[in-house]
Amino acid sequence: MTRRRLILLTILGALLALTVAWSYQYMVTQKEAALAARNDLAEGLGILGRIEQISRQPTLATDREKLTTETTTLIETAAQAAQILPASLKRISPEAPRRVGDTVYKEKPTRVMLQSVSLRQLAGLAAAAPLEQAGLNVESIRLTAGREADAADLWDAELVLTYLVYDPPQAGK
Amino acid sequence: MTPSFLVVCDTPCRVGRFAEGQIQWRDVPASDDEGDAVKAALSELGYRKGGVCLALPSRRILSARIDCRELPRNRRRQAMLSLLEEELPLDIESMTADFLPPVAGGSLGVAVESAGIKGMIGKLEAAGVEVPAVCPSALLALWEACQGDLSCDYVLIAGDSGVDVFRMKQGLPAAWYTVANGLPEVAECVAADLLADPIEAPRATACILGKVPWAPQALGAAPGLTIAQHRDEPPLAMAARAAGHALDQRQAGWVNLRRQDLAMANPWAPVKGYVRSALALGVLAMVVLAAAMVTLGQKYQAAADEAYQQEAAAYRKLNPLRPVPAGLNRRLRSDLMRLTALSGGTGQAPTRFNALDAMERIVAALPPDVRLRVLEMRVGPGDVLIEGQTRAHADAEAVTRALLAAGAAMEPPRTENLATGGVSFTLAGKPPAVQPPEPEQEPDATTQATQPETDEAPDEMEKADPEEPTP
């Protein structure tokens, strides 16, 4: 065997060995990817099942702060359902949200001023379905006796309605 | 000690066996099949298998000294052969040559015509005799002699029909002459060499190996030459002793002409076909292995893609309007965490105080037999405040006790007599704790009689007219 042929065979042998090594590495890499994909599939299907289950449950909080108009519309709708005259709904004042302790939630209060409403109307407003579905909770009530003599069963009321917003604190803040 | 065998390629051919200091010879009878005849003679001496050394007579050897001082670094041997070819009446293609170690800037080249020796080797191998070494018998004898204390300028080796004259330098032969075994011829050869290449000492020394047909001391009478040693031992016996070393790869005789055209056949030749087949199968196996691994890798890749598509399909089923995000599992984990928090499953969900429920409990707890007027009521997560009017201080205390019994944390009532009669009171405290919703049960008749219904309680609670005095 000549030197040139020997060198050529050596180069071919080295290339063949490299090809085998690359093929093995390719197979091992794809196998690891397949195993990871299988694990991801099991995990993903489990998570999707739990998401579907949680989605059917009532929510405690929202993931965004409602627009002022949304809250106002809800309260007006609830007042209408409670047979409160529009003139009695004196003021709706959204306030700044505040964090609830060290939790991931914030509370968004809205102050509602009512005039000359009965307790039944007030209860009807607080328990109205739109407010309950929107997660609005009556945090405080202030009742003041009406000043009109012929309105014995009517009160001036100040309600603070709140709803929870899911807002985890940012890292570093 | 393993016996060594020597085949002297002369006319007649002789075979020898050296073992334990003893040498045995056999003459090979003339035969049409020379190889078998040699094999038979060797067998008589105890040869069974193994290599024998083929010793060449000096008449078959051509030698010349070449200059080694300006040889090229690459293809050095080829250059030496070219220089030797210039000194000898043979061309490179028809001769086989080897060189002794260089001494004094030159190297002694030894050559033989390949054709005849090749035929002899072929016959021996055909008869089953291995011939790993081919050496001039004179060099074997000289090498054997040099293993002892042999320091002289010339070594004369006596042969059957001639004398081999070696000019020695630094213990190695630097020149080789083969002359007739007459005294004048030998003396003339030595004188000519001294003339061409004089020595520094006043007189040259010479050693004689073997028996010469003249008195050794007669040669010592030649001017400038002294006989230092004379050994009667036959040179062939010395060559036979050296043959064992030649077969042991110890470079006995300094040269081995089993090269070039006389080189041994490739020991792998009988199995070359099998080796080639094995190599081809090996290459094929590696190619198949590589292809199999690539195919398997592609199957794994397809399985990974299928798993991803399955998960993506499940995601699209749950979120038909949203595209499948990159990093699907990371997004799913994030969504799960968010939805869990939105549904209050994180464990951090705050307890929400409902003022309406608290007010309902407070109103329900008011004692029915106490007349009072409420001017203002405030219910919040941490405080309860009721301002109103009643008939007596004890009534205010009764209301306080009733609220305490309902679970409210009330402070002692602050009361004040009114000018118009009656008592104004201020009740402050904390609302009852939030109770978990009770399971639905059949309404109790006793409970109905004492606890006013929630919806009607506010209507029954008298709202005070600040201008009308309390009856």
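Protein chains get the first letters and strands the later ones, always in sequence-line order, with residue 1 at the start of each.
- Interface remark: A:Val100 contributes side-chain atoms only to the contact with chain B (heavy atom separation under 4.5 Å).
- Most heavy-atom pairs under 4.5 Å with chain B, from the set A:Ser23, A:Ala17, A:Ala37: that is A:Ser23.
- With A:Arg142 contributing its side chain and B:Gly380 its backbone, the two residues share no donor-acceptor pair below 3.5 Å.
- For A:Leu12, no part sits under 4.5 Å from any heavy atom of chain B, backbone or side chain.
- Of the atoms belonging to A:Gln57, it is side-chain heavy atoms, and not backbone ones, that fall under 4.5 Å from chain B.
- You'll find the side chain of A:Trp22 reaches within 4.5 Å of the side chain of B:Val294, heavy atoms only.
- If you measure heavy-atom distances from A:Tyr105 to chain B, the contacts under 4.5 Å come from the side chain alone.
- Ion pairing between a basic and an acidic side chain is recognised when a charged N comes within 4.0 Å of a carboxylate O; B:Arg333 and A:Glu43 show such pairing.
- Using a 4.5 Å cut-off on side-chain heavy atoms (C-beta onward), A:Leu164 and B:Arg352 make contact.
- With a 4.5 angstrom heavy-atom cutoff, A:Thr62 touches chain B only via backbone atoms.
- B:Leu356 touches chain A through backbone and side chain together, each having a heavy atom under 4.5 Å away.
- Proximity to chain A (any heavy atom under 4.5 Å) is restricted, for B:Met359, to the side chain, taken from C-beta onward.
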